[in-house]
Engineer: 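I have a structure I would like to understand better, so I am pasting it below and will then ask my questions one at a time.
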Number of protein chains: 2
Amino acid sequence: MQSREDKKRQTRKSLMDAALTLTGNGVNFSTISLREVAKNAGVVPTSFYRHFTDMEELGLNIVDDLGLILRKLMRAARQKNDYLDTLAQQSIEVYADFVCENMNYFYFMAQVRGGGTLVLRNAIRNEIKFIANELASDLRPISTFEKASDSDLALVSLLIVEAVFDTTIDLLDQIQTSPQQQQAYVENTLKKLRLIWLGASAWHSP
Amino acid sequence: MQSREDKKRQTRKSLMDAALTLTGNGVNFSTISLREVAKNAGVVPTSFYRHFTDMEELGLNIVDDLGLILRKLMRAARQKNDYLDTLAQQSIEVYADFVCENMNYFYFMAQVRGGGTLVLRNAIRNEIKFIANELASDLRPISTFEKASDSDLALVSLLIVEAVFDTTIDLLDQIQTSPQQQQAYVENTLKKLRLIWLGASAWHSP
DNA sequence: TAACTTAGTGAACACTTGTACACCAATTGA
DNA sequence: TCAATTGGTGTACAAGTGTTCACTAAGTTA
């Protein structure tokens with residue numbers, strides 16, 4: 001037996017999952033119709049309005065959900081280690097694994113990052129900045145960044161997060177064609193991060 | 001008076017321009033209908049098929065066109081200078097100016113990079129790699145990269161190009177809200193490139 | 001138990017979509 | 001000059017779209 005609220009939450013999740021399944025199947029979020037989402041969620045089209053006013057609102061909720069999960073995941077991955085290089089490696093591995101097990105979410109993100117409505121694009125930008133800020137505050141105590149200014153540290157963090165996040169579509173497409181290529185992506189991205197970190201260490205020494 | 005081929009080329013361009021105008025107005029390329037493109041191009045829907053089989057094929061042609069223009073532009077921008085820092089600065093300024101004057105193209109690119117069909121995504125990936133390769137061969141003679149291996153240099157170049165290209169949507173959205181923010185983007189991106197370049201210089205010195 | 005609230009239903013609407021088909025008119029090539 | 005080629009036209013169709021409205025049935029509250 002389930003309460004009325006539980007049932008509502010359930011169909012609400014069904015609607016969001018339906019949208020994610022569709023994006024994961026290669027359908028662009030912007031082209032997904034309210035009706036198709038409703039059908040895949042096992043509900044009649046008009047029911048959609050009981051949960052969201054819009055496909056955009058549904059999209060915003062997906063961004064929020066993933067943003068929350070992602071921040072928790074990455075913070076946890078970082079707190080295991082404090083030696084920078086293994087920290088970076090483990091973070092990327094954790095990220096790549098999570099991407100592989102939640103591909104639908106990241107196809108959605110890749111699509112919307114550059115192709116959603118302005119509202120949705122801003123929502124994703126905020127998540128990226130949020131994650132970068134958390135990275136910055138985790139990097140702050142590390143000796144390499146002792147003398148770095150706040151704004152410099154913020155820039156380094158943003159560059160790192162963007163370098164990972166904005167190329168996630170490449171990881172996704174690689175996995176689809178040959179799943180064992182995940183490791184190649186990890187190594188490649190790790191090299192990029194080493195480069196950035198190396199640059200950051202040299203930043204304020206003439 | 002114009003030949004038959006010229007007329008065909010002209011409407012072909014009208015169709016592509018119509019699609020670009022729509023993407024520039026915030027409409028996602030995936031949602032743009034063949035009919036709407038035809039209408040905006042001043043042609044009847046069925047005429048579309050005389051030029052493209054598909055909206056995807058039209059998109060591929062846009063990618064090709066911009067890719068060609070962009071490679072020329074960036075090579076030219078680089079050949080003016082060989083001191084790395086001013087080279088980077090001028091390149092980004094040239095790029096940002098070009099983006100501002102051809103916003104439609106770059107909204108299209110930002111949308112399709114992560115949200116187009118697999119075929120379109122791969123087309124853009126190839127252009128990015130192409131541009132990165134050209135950058136690599138221009139960087140090769142510079143003293144900073146004398147001792148760098150080919151694959152390391154390729155990685156640096158790819159990171160640079162991605163750092164610029166994948167955040168172009170941020171530039172576009174900033175311009176829309178406050179045009180004078182273009183300079184802020186240039187400075188921010190320039191800092192990122194300095195960081196990367198600094199990392200690259202330190203890459204093989206323990 | 002009775003009244004109220006509300007998630008989900010189903011029919012209807014005006015509109016847009018991609019594509020097939022027969023057709024026209026003008027440039028092209030012999 | 002005459003026939004062939006071909007870019008553009010107009011009609012038609014089945015299918016899908018967002019949103020409206022009155023409705024039902026079941027959980028909630030008093």
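Letters A, B, ... are given to chains in the order of the sequence lines, protein chains preceding strands, and every chain is numbered from 1. Quick note: numbers below take in every heavy atom, side chains included, and nothing from hydrogens, waters or symmetry partners.
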Engineer: Check side chain to side chain contact (heavy atoms under 4.5 Å, CB included) between A/Q182 and all other residues, then give those that pass, not counting sequence neighbours.
Structural biologist: A/A96, A/D97, A/C100, A/L171
Engineer: Is the phosphate of D/dG16 approached by A/S33 (side-chain N or O, under 4.0 Å from OP1 or OP2)?
Structural biologist: no
Engineer: Scan residues 33-56 of chain A for pairs that pass salt bridge (charged side-chain N to carboxylate O under 4.0 Å, His left out), counting only residues two or more places apart or in two chains.
Structural biologist: none
Engineer: According to side chain to side chain contact (heavy atoms under 4.5 Å, CB included), who are the partners of A/M55, at least two apart in sequence or on a separate chain?
Structural biologist: A/F29, A/I32, A/V37, A/F48
Engineer: Which parts of nucleotides 5-12 of chain D does protein reach within less than 4.0 Å, heavy atoms only, written one letter per nucleotide 5' to 3' as B for base, S for sugar-phosphate only and - for none?
Structural biologist: BBBBBB-B
Engineer: Tell me: CD1 of B/I32 to P of C/dG18, nearest whole Å?
Structural biologist: 11 Å
Engineer: Who are the salt bridge (Lys or Arg N to Asp or Glu O under 4.0 Å) partners of A/D166, not counting sequence neighbours?
Structural biologist: A/R113
Engineer: Can you check the A/Q10 CD to C/dT6 C1' distance for me, whole Å?
Structural biologist: 17 Å
Engineer: Sequence neighbours left out, what pairs pass ring pair (Phe, Tyr, Trp, His ring centres under 6.0 Å) with at least one residue falling in residues 164-200 of chain A?
Structural biologist: none
Engineer: Could you pull out the closest heavy-atom pair between A/A38 and A/L15, with the gap in Å?
Structural biologist: CA-CD2, 4.0 Å
Engineer: Under the side chain to side chain contact (heavy atoms under 4.5 Å, CB included) test, which residues partner A/L60, sequence neighbours left out?
Structural biologist: A/V119, A/L120, A/A123
Engineer: In whole Å, I'd like the distance from the NZ atom of B/K39 to the P atom of C/dG18.
Structural biologist: 12 Å
Engineer: Rounded to whole angstrom units, what separation is found between the CZ atom of A/F48 and the C1' atom of C/dG10?
Structural biologist: 19 Å
Engineer: Whole-Å distance between D/dG16 C1' and A/L22 CG?
Structural biologist: 15 Å
Engineer: Is any side-chain heavy atom of A/V63 closer than 4.5 Å to one of A/R121?
Structural biologist: no
Engineer: Please state how far atom CD in B/E36 lies from atom C1' in D/dT17, giving the value in whole angstrom units.
Structural biologist: 14 Å
Engineer: B/E5: what forms a side chain to side chain contact (heavy atoms under 4.5 Å, CB included) with it, not counting sequence neighbours?
Structural biologist: B/S3, B/R9
Engineer: Please work out which residues in residues 52-64 of chain B have a non-hydrogen atom less than 4.0 Å from an atom of DNA chain D and list them by number.
Structural biologist: none
Engineer: Toward the 5' end of DNA chain C, which comes first, B/Y49 or B/E5, by nearest nucleotide?
Structural biologist: B/Y49
